[in-house]
Amino acid sequence: MSLDSFTDSVDEAVSGFFEPIAKWLGDVVFYSVPVNGTELPLIVAWLVVAGLVFSAWFGLIQIRKFPLALKVVRGKYDEKGSTGEVNHFQALTAAVSGTVGLGNIAGVAVAVSIGGPGATFWMILCGLLGMATKFVEVTLGVKYREVHADGTVSGGPMHYLPKGLAERFGARGKTLGKVLAVLASAFILFFGLFGGNLFQVNQSYAQLVSVTGGEDGMMGSSAGALFFGILIAALVGVVLLGGIRSIASVTSKLVPAMAGIYIAACLVVIAVNVTAVPAAISTIIEGAFNPQGVAGGVLGALIIGFKRAAFSNEAGLGSAPIAHSAVKTKHPASEGLVALLEPFIDTVIICTMTALTIVIANPASWGEARNGESIGGVTITSDAFATVLPWFPYILTIAVMLFAISTVLTWGYYCMKAWTHLFGRSRTSELTFKVMYTLFAVGGSLLTLQTLIDMADAVLFMLAVINIIGLYLLAPVVKRELNTFLAFVKRRDAGLDTDTDEDEDQEPVKTTV
């Protein structure tokens, strides 16, 4: 049996077995209600409402404290002797690398095709709201993290849900928290293996094949697929062995590079069509409140924009706190402020740049997609760049590769923390996970397993339900942590020696073996 026949057989067998489960799970998690001629997924409303609640609760912190967040990420308020593994900038880039990916390239194109240019406006608004949610969950991630005897750190919903609920509600909260922690770990692990690993490798391989001659090209054979998978697996395995320090070291260089390449290309298209910029912005704003040809009118454009943003920046899903928890700091809210920059970078900047480029370039494929033709999102984005840069598909391939590798790396770290929470932190346990994760990367170039990827999406958004309930219950803790940090900032700005100060409200981080 050839390799192609074998992989086709595996795909068919997996799809046949899991398809009914995936369909049922997707119908439950992404259950939609009709609203003025369009469908509103309740999970999207759940995420958006959380952003509204936390924006109000913390007084639009994403706007008021944005300058402070920039100062923190630059290291102005670093403290000597802080517990952690990476600095603020490295923690931010590690987390951003897990959210910035193919969705920013392909998903946005789909959004402005279905929801029209006006979806961009609502996408930006949802990204701004998500900044507040991200602040809350990351502050809790650092607050309740565990520092192990070897200096490594573990954090995330599997830690702050049981500890925080036990602290606030006693024995009952502790029992509930433990159950939620197990579910959170299982959800993160499942999504990471299929959505954060296999899918990313699969899509980056598909893009590489498309620019190297297609199925008849040098990379179109099963041998080429296997070579690509082994290469990616080797790169991921080497970096993953080094833990968050190694991942952060790579992503702190990779994320700025990939974002820089992509944004520069967007700016080139915009600059060449600079006279069309005012009209494009006007089209986006007008389309947000008076969309033409969009099912559901204004609500339709709003829902599409919110859906794209919510699926892109992962605010409220509980994944980012895992990376941010490794930061060197004595004040959890300091990293919460850094984290609110994440949806701004992912959604407000990169997604918006993609949408603006498509609207300005107005490629033929975008018009065809808006008329109902089935055209891939990557194709639309690539065509938009090709109107100015005919060779851009090759640059896009590099960008896709960088996006995919960084996402696989970050989700590898997330998955390992979920794995060790479920199965322990022994060297054997960690090595078993790393071998399994790298094998999934090899499989990504050979298999599609779309049914399991669909299940992974549903599972990750199931995590958002339990995570946000926890965020509501623990918001008063975040408020105290914010006040503590702001008091520290005031003392530091006044020139007082804060490196030796101990904040009375600052609880020690639990250390475990």
Side-chain angles (χ1 to χ4, degrees), residues 47 51 55 61-63 65-75 86-108 111 120-139 141 196 247-248 250-267 270 305-306 308-317 319-324 327 334-357 381 399-400 402-407 409-411 414:
L47 293 168
S55 295
I61 190 170
Q62 63 268 59
I63 297 174
K65 299 302 178 183
F66 191 88
L68 177 58
L70 294 176
K71 293 177 182 177
V72 175
V73 81
R74 290 202 306 266
V86 296
N87 61 36
H88 289 291
F89 178 73
Q90 290 175 322
L92 176 64
T93 55
V96 167
S97 69
T99 58
V100 175
L102 296 172
N104 301 79
I105 298 174
V108 172
T120 307
F121 177 89
W122 301 112
M123 184 173 62
I124 294 171
L125 179 59
C126 186
L128 293 172
L129 294 176
M131 293 167 70
T133 305
K134 192 79 78 167
F135 162 75
V136 174
E137 62 182 348
V138 168
T139 298
I247 293 170
V250 173
T251 56
S252 65
K253 299 177 181 65
L254 202 58
V255 170
M258 67 186 187
I261 291 171
Y262 192 71
I263 291 174
C266 291
L267 291 175
I270 293 170
F306 276 11
R308 177 65 260 149
F311 284 26
S312 176
N313 60 50
E314 296 180 11
L317 272 60
S319 52
I322 303 174
H324 286 285
V327 72
S334 68
E335 188 62 16
L337 290 172
V338 169
L340 64 76
L341 297 174
E342 195 179 320
F344 185 81
I345 295 169
D346 175 275
T347 305
V348 179
I349 294 180
I350 297 181
C351 285
T352 303
M353 291 291 280
T354 301
L356 193 59
T357 299
T381 305
V400 167
L402 293 178
F403 283 143
I405 291 173
S406 64
T407 299
L409 286 174
T410 298
W411 272 98
Y414 293 170

Full working for side chain to side chain contact (heavy atoms under 4.5 Å, CB included) between Thr120 and Thr352: CA-CA 6 Å; Thr120 307; Thr352 303; 4.2 Å; yes
Considering all heavy atoms, the nearest Gly51-Ala132 contact: O-CB, 4.2 Å
Sub-4.5 Å side-chain heavy-atom contact between Leu128 and Val348: yes
Interatomic spacing from OG1 in Thr139 to NE2 in His324 - rounded to 0.5 Å: 10.0 Å
Heavy-atom side-chain contact between Leu47 and Thr133 under 4.5 Å: no
Check against side chain to side chain contact (heavy atoms under 4.5 Å, CB included), Leu267 and Met353: CA-CA 8 Å; Leu267 291 175; Met353 291 291 280; 3.5 Å; yes
Gap between atom NE2 of His88 and atom OG1 of Thr93 - 0.5 Å precision: 13.0 Å
Minimum-distance pair of heavy atoms, taken over all atoms of Ala309 and Gly127: CB-N, 4.1 Å
Check: Leu341 and Lys134 side chains under 4.5 Å, non-hydrogen atoms: no
Partner residues of Thr347 under the side chain to side chain donor-acceptor pair (under 3.5 Å) criterion, sequence neighbours left out: Asn313
Test item: Phe89 and Val338 side chains (from C-beta on) under 4.5 Å apart, heavy atoms: no
Straight-line distance of Ile61 CD1 to Ile63 CD1, nearest 0.5 Å: 11.5 Å
Thr407 OG1 to Tyr414 OH distance, which is reported to the nearest 0.5 Å: 9.5 Å
Member of Thr381, Ile349, Ile263 meeting the side chain to side chain contact (heavy atoms under 4.5 Å, CB included) criterion with Thr354: Thr381
Pairwise side-chain contact, Phe135 with Lys65, heavy-atom cut-off 4.5 Å (strictly under): no
Heavy-atom closest pair, residues Val96 and Glu342: CG2-CG, 3.7 Å
Spacing of CD1 belonging to Ile345 relative to CD1 belonging to Ile350, to within rounding of 0.5 Å: 7.5 Å
Least distance between heavy atoms, Glu137 atom then Gly316 atom: OE2-N, 3.0 Å
Heavy-atom side-chain contact between Leu340 and Val138 under 4.5 Å: no
CZ-CD1 distance between Phe344 and Ile124, expressed to the nearest 0.5 angstrom: 9.5 Å
